[in-house]
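Everything on this sheet refers to the single structure shown next.
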Amino acid sequence: MAVSRPTDAHALRTAFLDFFAERGHERVASSPLVPFNDPTLLFVNAGMVQFKDVFTGRDKRDYRRATTAQRCLRAGGKHNDLDNVGFTPRHHTLFEMLGNFSFGDYFKRDAINWAWEFLTQVLGFPADKLVVSVFNGEGDDAPFDQEAYDLWLELVPKDRIYAFNAKENFWQMGDTGPCGPCSEIHIFRGEGPAPGTGGQPGKGPAFEDAAYMELWNLVFMQYEKHEGGRMEKLPAPSVDTGAGLERLAAILEGASSNYGTSLLSPLVDKGKQLAGVSGDQGEREASFRVIADHARATAFLIADGVTPEKSGRSYVLRRIMRRAIRHGTLVGLDEPFFHEICDLVVEQFGDAYPELREARAAIADAVQIEEQAFRRTLDRGLKMVEATLAALPERAGAFPVDPAAKLYDTFGFPIDLTRVIAVEHGLTLDEDEVAARVRELQGAGDAGFVGGDAKINDVYFELANELGATEFVGYAEVEQQATLRAIIVDGARVESASAGASVELIFDRTCFYGESGGQIGDHGVIVGGADPKGARLEVSDSQKPTGGLIVHHASVTQGRIAVGDSLTLRVDVARRDAIRRNHSATHMLHHALREQLGKHVAQKGSLVAPDRLRFDFSHPRPLTLEERAAIERQVNAMVMANAATGTQEMSLANAKQAGAIGLFGEKYADEVRVVTIAADSVELCGGTHVARAGDIGLFKIVSEGGVAQGVRRLEAVTGTGALDWVQHTASIVEQATAELHARDADDLLVRLAKLQEELKLKERELAQIERKLATGGAGESETTEVAGVKLLVRKIGVADPKVMRDAADTLRDRLGSGVVVLAAERDGKASLLVAVTSDLAGKKVHAGKLVGALAGHIDGRGGGRPDLAQAGGPKLAGLDQAVADAPVQLAAQLAK
RNA sequence: GGGGGCAUAGCUCAGUUGGGAGAGCAUCGCACUGGCAGUGCGAAGGUCAAGGGUUCGAGUCCCUUUGCCUCCA
């Protein structure tokens, strides 16, 4: 036996991979958690996901056996167990799936024998505790899996072989596609050997029985299901197996729960250490488990390029992080702690998953930022809960549902926390009721997950397999003779096409760059061909749908083309040169951002077009003008240094060694292209670049904005585009300078500030003068008495509401006790204002009612408070009547 | 991507059918005090995020934009 018995979970993982590597399996690295080319899936949730297209035959690999330790995540989407995690021994968000795969190579015999050998020989699990199951032929069109049954019989006594129906033991990828029966291996965890079936397959305890635990699932893909359910035998059946590392480790290490294994217990203990406790924490134990589990998920997700944000996968991550932090507060971890647990994950798993080490700083930063943000949210929510409690009537028995729901939905305050506080105040809160109210508020919008990537047409897979990758010669050439290998019209392959047709073309080689890595596809023309007159095509786009296939989108403007033709491909050079400038500038911008803002800056997306470049990157706040200027200076300094750019093919490992920047979670081939600019900027990149940095001419940022929380977007121009922008902007400044009679552009700002200051002063002065005019010369003569109440009525020249109020104030104070009525004209409209001294307001006289009565004369409406009210209307001519009517209306009010 | 919300003095925020822009803290001044802490009185500080609309009148209502918080897929 070559592989020796492992002592802990990490050694178990290695032992598994070694075991299958020794048996001819390619050791394939775990794919990132974000599925590649699968828009239907939020996260990789099984070991076989990265081989999906291989099983269906759409994709090919140069090996037929593979083994992986695949990180998987179950957290988002329709059915997730998030709420259970931490409270049961085996629910996890992140887990590792060990698997061995056969792509049309070995089948049931080897799969069964190896699984048995690994469990009993390598891990030393007692054979008499293991029971297995096969498909019994019920519930689907496939028959009883006699083959598997017979094979098991060679290893296991008859009464430890169970047979179950399709629900348990038949697997399918989707409604159609590869499928087949499966066999499961379970372990009996009670005392002694596993009890038998009583000799009858299909009879006996169901495996839901807590005494049994599933260890390994072997899927035998031997059928293909077609539309309508018709089942066909596959010529070369495949094997897909999966064994949960956490479970195997629990048995190996004799732990009653997965949290007691060497995978998770160091994380649980770290949490306890930070909380200043040790040993079993009873009810609080679950919180430490949640923290441990979620720390793993958090560290891996961030390493795979997911950041905690408010949409999609990002939101799932944030929810996981917040749940962990919340459980931290439950056990007294009131200071940021989670980043320390996540850092321990990096240490513990960094050997098996080097991507964790690479992302160490990014993980720490993202977690700390999220911890701070969530604690702010908690503080804010706490205040609101207190406010709600304070507003509650004395004898309320329950915390009201609506505020609790709003607190959660709108302000992100955990429902369970609201309940805890309510209970502290002797109130109850039904969490289910609140959750129901939240769903109501949500409007039950269930649109389903919409992924980013579009589904790839089968025809491209077919062509990629048949023709292989298109040779790209466009780094050096912009014109190239090539043989036409395929023509696609409306998604179907054709042999020829004539003028007027919209076609997609594939050649054996091309100088056209297929859109990828943010750089958009080339335009150009294609000429020549077998047609005596010569064909001509305009290429409007070049795409790279899959497998290195470069597809030219073109319209035939002249002549006729056919598969096999030799044609001349000519890229639009001016456009390509502009793209080169923008692509190289993008790299330099990336470099400058990391220098000026910090290493937390990571590319989140980019667009390289001929007229502009766009760069999205992680950064927590808007860029200041100074930061933007510093970045521009640095990029332009690199341009002026005019260093030659270099490209080099090397292995991915060497590239990383050289410090090349790549994208988190991006899938790279083993051989990568590395682009170096001025020795500073080293990036993995397949794009086209300038020969020397100086070719860029000028780099200018033209806009800055946000796309999501923590993600900023810069847009910039280069070369002639930059010149256009500068000239346009400069001409605007010059015109403005001339307009304001400023000496120069600097003076322009001074002039503007001065003008604004002056304007403010003038407005104040004007208001003062107006008020003086309005209040000036108030003699006793104007004042009359109506039923013992002093009344001052006056028409004034200013109708600005504020000035009228000030004027009324002054006049009212002068009266001591009484009523002031002001009338004025403004913008061709009539204005009225009534002010009443406080001794009368609301008691004898109501300003609002009085002004309302007078407003009728000007066809207007109005209102206000008892002591002050305003009205306005369009009928200027009625102003005098209103003035005359004032004593009458006042008398009427006083008479009541 | 959809829903819910926020943006008011340097800071934290109030502003309830649309009717005079506020509080606390911080700042400055004066007073009490041997000095400090403290207390009292007073002052300064606002394009109510930006732009448009409705209205006699908008911090308040409507639309757009920007920034931020939050829930959900």
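This one's a predicted model, so the numbers in the text were calculated from it and none came from an experiment. Each chain gets a letter, A, B and so on, in the order the sequences are listed, and its residues count up from 1.
The pairing partner recorded for B:rG22 is B:rC13, the criterion being a Watson-Crick or G-U wobble arrangement whose two distances lie under 3.5 angstrom. For B:rU60, there is no paired base (Watson-Crick or G-U wobble, both distances below 3.5 Å). Of the nucleotides present, B:rC41 is the one that pairs with B:rG29 by Watson-Crick or G-U wobble criteria, both distances under 3.5 Å. Look at B:rG35: it lacks any Watson-Crick or wobble partner with both distances under 3.5 angstrom.
Checked for salt-bridge contact, A:E704 and A:R628 miss the test: no charged N lies under 4.0 Å from a carboxylate O. Between A:R322 and A:E370 there is a salt bridge, since a side-chain N of the basic residue sits under 4.0 Å from a carboxylate O of the acidic one. A salt bridge between A:R712 and A:D616 is absent, with no side-chain N of the basic residue lying under 4.0 Å from a carboxylate O of the acidic one.
In this structure, a donor-acceptor pair under 3.5 Å is absent between the side chains of A:R74 and A:H92. Under 3.5 Å, the side chains of A:Q889 and A:D885 contain a donor-acceptor pair of N or O atoms. In summary, the side chains of A:H846 and A:Q893 do not present any donor paired with an acceptor at a separation below 3.5 Å, with no hydrogens or angles considered.
Between B:rG22 and B:rA44, the two C1' atoms lie 16 Å apart (nearest whole Å). To the nearest whole angstrom, the two C1' atoms, one in B:rA31 and one in B:rA49, are 41 Å apart. Using C1' as the reference atom, B:rC13 and B:rC71 are 24 Å apart when rounded to the nearest Å. Spacing of P atoms, B:rA58 relative to B:rG51, comes out at 15 Å, to the nearest Å. Distance noted for atom P between B:rC61 and B:rG5: 11 Å (whole Å). B:rU60 and B:rU64 have their P atoms separated by 16 Å, given to the nearest Å. When the C1' atom is compared between B:rG15 and B:rA7, the two are found 15 Å apart, to the nearest whole Å.
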Enumerate all atom pairs, one protein N or O and one N or O from nucleotides 14-17 of chain B, separated by less than 3.5 Å.
none

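Using a 4.0 Å heavy-atom distance criterion, A:Y408 is classed as a sugar-phosphate-only contact. When heavy atoms are screened at a 4.0 angstrom cut-off, A:R380 is found touching the sugar-phosphate backbone but no base atom. Within 4.0 Å (heavy atoms only), A:G412 reaches sugar-phosphate atoms of the nucleic acid but no base atom.
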The contact string for nucleotides 55-68 of chain B, one letter per nucleotide 5' to 3', using protein heavy atoms under 4.0 Å with B, S and - for base, sugar-phosphate only and none, comes out as SB----------SS
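Comparing A:R865 and A:R318 along RNA chain B, the residue whose closest nucleotide (by nearest heavy atom) sits nearer the 5' end is A:R865. In this structure, A:T377 and A:K406 both approach RNA chain B, and ranking their closest nucleotides by distance from the 5' end singles out A:K406.
Applying the 3.5 Å distance criterion, the base of B:rG3 shares a donor-acceptor pair with the side chain of A:D409.
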